[in-house]
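Take a look at the structure below.
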Amino acid sequence: MSSNQSFKNENEEAYASLTKGLKELDLQGPYVPSDLVLIGDHAFPLAMNSRGQVLMAASLYGSGRIVVLGHEGYLTAFPALVENAVTWLRGDGSDNLSVGVQRNVCAVADRKDFKDDLELLLKGVSEFNLPSDSVFSEVLVHGPLAFPIGTTEDGCPFLAGAYYGRGRVIVVTHEMGSLQSMAPFWRNAIHWLDEGRRGVVGVMVNPALKVLSESGLKCEKTNFRKDLSVFVCKAYITEHLEEIQNFVAEGGGLLIGGHAWHWAQTHAGQNPLTDFSVNKMLNQMGLSLLGATIRSGTYKALVPSWPIKDTYHFRHLLYRFVAHVTTGEELSKHEEGCLQKLGSDCDAYLHTKAHGSFYYTQVLAALTDILMSSSFKVSDSCPAKTPKDKLLLSVGSPVYKFCPNPEALLPYLIKDNPLMPDVHNHRLKIDVNTEDGKEWISTGLYLSPGMSTYMVMPAETVNKHWKIQIGCQTDDLHRKDELKRPPRVCERFPVTSEMMHVSNLWGGLIYLVAPPNTQVKGLEITVQKAVTAPYYKSGVTTAAEWSLLRTAPGPWAELEFENIVLTVPSDAVRGLEHPDKVAALWDEIMRAIADLAAKPHKFPRKERFVTDVQISAGWMHSGYPIMAHHASAAEVVDVKKGKQMWGPIHELGHNQQRSCWEFRPHTTDATCNLWSVFVNEEVLGLNRAQAHGFLTSARRKTRVEEYIKGGKKLSDWSVWVALETYLQLQEKFGWDAFKKVFAAYHHMSNFPNDNDSKMNLYAETFSQTVGMNLTGFFKAWGWPIETATEEKLSQLPPWNDHPMTQYK
């Protein structure tokens, strides 16, 4: 290679480093730069105007480097360029992290501290009162020129500001009309946004007009106009977003109010950071509305300082954490306590997908570097316990997903990744008939960690709310004190084209997720590459097929029966020779559950039961899917007559509960146990005392006596005590009475919301069902039975010898 070619390559690499993450430089500011003359062989321009004049340049000189900007104002006007320059000037191999800054340009080192801004914005403001009838979103404050203004005591911002270009923006995460109590702040905010211009404040939000008019500035009800000084609008605006963004960049002020939590709840599967329209603008300004909510309450105003004392700030703490990992800098107790939030915020920020932004590139590169310099492995026997390890584990998946070279990162994140035999161009044919809820459709295929594949999807599934899901363990563990697996290991991909490319850092079973109210037959899907997993489906898989499938290499197995799908580690089914016998008993169990609930035997959506190394709550918890620990796998696969099955049926009972006959919190863990008792007695052949040790006669009697001695307070009427009420009813009137009561509720509507009214309705319904006045019995249990209810039932014979009479 010639020396000229070598210099050319060096200059190209240098230019790429100096302009990394930069799309353009706005040179229309007030600075009048000098014209630089390049005379050295190794000098090259960084910025030129249309007449060929060089405004910024760099050069290699001997073993050193130099960057020259045509005006000192550029040092603070282009912080991203300056950061790139400092990194390049230090050189690739330098371990000297010190950078000297001349005193009269100290702003280059300090950047913006926001202390003066907070003093102006919080003048006369001692606290923020978030009313109980308003639900706020959290705002992610991630830009280098963005700062929190109002936060909860644990650092979650609901009010924030930012500089953007030559202008300013303030975001409050609820509509401003209901926040009269914040009037003093609004006055400060409008003046801060106006910057002394005393121009026109354009207001789109009617209720805010009166409050903002008290600022002393001229306020008008108007849509967006370019001649305004400040524009005030709701976060749900969808028009003129690009114009508003340019308006702020060119010096205007923007006050915007609204939340994203409702949008997130009503747009399941979509990303509020990229799909909620206003975030496309706010992301560029260093602020993003999140789907997370802020609880109501009164929060003290921040003390104007920087860094804000004992208050979380995303970018500041991220830099501190990087230094902690790379150079061993100690974190304060407060900073360590904020690392869990930093992890979830890094995840959220990376999902903005702002790849064209220098700061996004910087954050992604920093997180990639610390992941590649860290060594950690997590398992049941070796959980992640320190805040540092938990944060690294939580950001692994989003960094892998969005970094430019995920293959290079994979070996650092997945240790001992076993090579599994895969199948190619695997074709599936499925029938779908969903009702009210979305439904997972098993494929019997698995993706190894980091493995990607293409899936050919039918045209009728494209942009029709179908999704591809990789992974069955859907519990989010971010709030756990220790992690036995990464906090989020399930990925979903909306089907937006017939050829879908999918992967998951942590691997997982492949599912299709069908939207509600979908009926199709014979859908054909082709999976380009995957690993087979043990998968048995009643009425489809033959004994001969199962003898091979149970040895399939995938680590997760599924047994799909008439009304339930069991997902367990494959080791739990390797020795299962007769899944049809397991299916027969589970079919009987699920039909019994339907019987007690007075529902058809065929469930509208099959229940799912998934085991995991760690779950979000308890030993098991209800939902779709029901989640349980690995130890429960053998219990559900080895189910047989005469074997106690309290836990899994308890969770299936939770899924049958209805708020119209539930009295939370009293019956939350009580009425679900009706199904546990019923199934154990009617299907498995165990009486209630055998089904659970808490239901022996002696324990039941003691509980009632203690409840009576305690004054029959409803605050004590919960779990086993509350279950006793229902068991006494069952022992008198039988299970058929419950079936008829539940059936009666299926035909009712317009239910009351408060417990007192619901309890009276239940007493009335049960009495009418069994043809006996039960008000005396329920009153003996401390239920708030009203006179009107007693009068309604007065014509029925009373239950005078009920079990509670002995305690009068």
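Predicted model only: the values in this text are computed from it and were never measured.
- Annotation for Asp481: atom CG does not count as buried by contact number, only 12 or fewer foreign heavy atoms lying within 6.0 Å.
- Residues Arg492 and Gln469 have side chains that bring a donor and an acceptor to within less than 3.5 angstrom of each other.
- The two atoms that bring Glu651 and Ser622 nearest to each other are OE1-N, 3.1 Å, heavy atoms only.
- Remark: the Glu662 side chain and the Thr668 side chain contain no N/O donor-acceptor pair separated by less than 3.5 Å.
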| query | side-chain hydrogen bond (donor to acceptor under 3.5 Å, both in side chains) between His692 and Asn680: does it pass, once the steps are laid out? | reply | CA-CA 10 Å; His692 202 291; Asn680 274 279; over 6 Å; no

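- With respect to the salt-bridge test (charged N to carboxylate O, under 4.0 angstrom), the residues Lys739 and Asp595 do not qualify.
- Under the ring-ring contact (aromatic ring centres under 6.0 Å, His included) test applied with Phe766, the options Phe742, Phe778, Phe738 reduce to a single match, Phe738.
- Judged as a salt bridge (charged side-chain N to carboxylate O under 4.0 Å, His left out), the pairs with a partner in residues 756-766 (not counting sequence neighbours) are, in order, Glu764-Lys792.
- Applying the side-chain hydrogen bond (donor to acceptor under 3.5 Å, both in side chains) rule to Thr542 yields the partners Glu545; only residues at least two apart in sequence or on another chain are considered.
- Judged purely by distance below 3.5 Å, without hydrogens or angles, the side chains of Gln265 and His262 never pair a donor atom with an acceptor atom.
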| request: Apply side-chain hydrogen bond (donor to acceptor under 3.5 Å, both in side chains) to Glu607 and Asn655, showing your working. | output: CA-CA 9 Å; Glu607 296 278 16; Asn655 285 357; 2.9 Å; yes

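- Trp717 and Tyr726 have tilted rings, their planes meeting at an angle from 30° to 60° on a 0 to 90° scale.
- Listed by first and then second residue, the ring-ring contact (aromatic ring centres under 6.0 Å, His included) pairs involving residues 789-808 are Phe733-Trp799, Phe777-Trp799, Phe777-His802, Trp799-His802 (not counting sequence neighbours).
- Side chains of Asn760 and Thr789: a donor-acceptor N/O pair is present below 3.5 angstrom, by distance only.
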| request: Go through the steps to decide whether Phe694 and Trp646 satisfy the test ring pair (Phe, Tyr, Trp, His ring centres under 6.0 Å), and finish with yes or no. | output: CA-CA 12 Å; Phe694 278 13; Trp646 189 275; 9.4 Å; no

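- Glu731 and Arg688 are joined by a salt bridge, as a carboxylate oxygen and a charged side-chain nitrogen come within less than 4.0 angstrom of each other.
- Within a 6.0 Å radius of NZ in Lys779, no more than 12 heavy atoms belonging to other residues, nucleotides or ligands are found.
- Summarising the geometry of Leu727 relative to Leu695, their closest heavy-atom pair is CD1-CD2, 3.9 Å, with the distance given to 0.1 Å.
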| task | Tell me, with the steps shown, if Arg608 and Glu560 meet salt bridge (charged side-chain N to carboxylate O under 4.0 Å, His left out). | result | CA-CA 9 Å; Arg608 281 188 173 270; Glu560 182 170 348; 5.1 Å; no

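- Aromatic pair Trp440/Tyr624: centroids less than 6.0 angstrom apart.
- With hydrogens and angles left out, the side-chain atoms of Ser132 and Arg295 include no donor and acceptor closer than 3.5 Å.
- Checked against the 6.0 Å centroid threshold, Tyr535 and Trp546 do not count as a close aromatic pair.
- Donor-acceptor pairing under 3.5 Å is lacking for the side chains of Arg488 and Gln473.
- Here His650 and Trp675 keep their ring centres 6.0 angstrom or further from each other.
- A donor and an acceptor atom, one from each side chain of Thr671 and Gln657, are located under 3.5 Å apart.
- Judged purely by distance below 3.5 Å, without hydrogens or angles, the side chains of Asp754 and Ser757 pair a donor atom with an acceptor atom.
- The six-membered or imidazole ring of Trp781 lies near that of Tyr707, with a centre-to-centre distance under 6.0 Å.
- Side-chain atoms of Asn687 and Glu681 include no donor-acceptor pair closer than 3.5 Å.
- Side chains of Asp380 and His630: no donor on one and acceptor on the other come within 3.5 Å.
- Between the side chains of Glu491 and Ser397, at least one donor-acceptor pair of N or O atoms lies under 3.5 Å.
- The residues Arg591 and Glu562 are annotated as salt-bridged, a charged nitrogen and a carboxylate oxygen being separated by less than 4.0 angstrom.
- If you look at Phe678 and Trp735, their ring centroids are closer than 6.0 Å.
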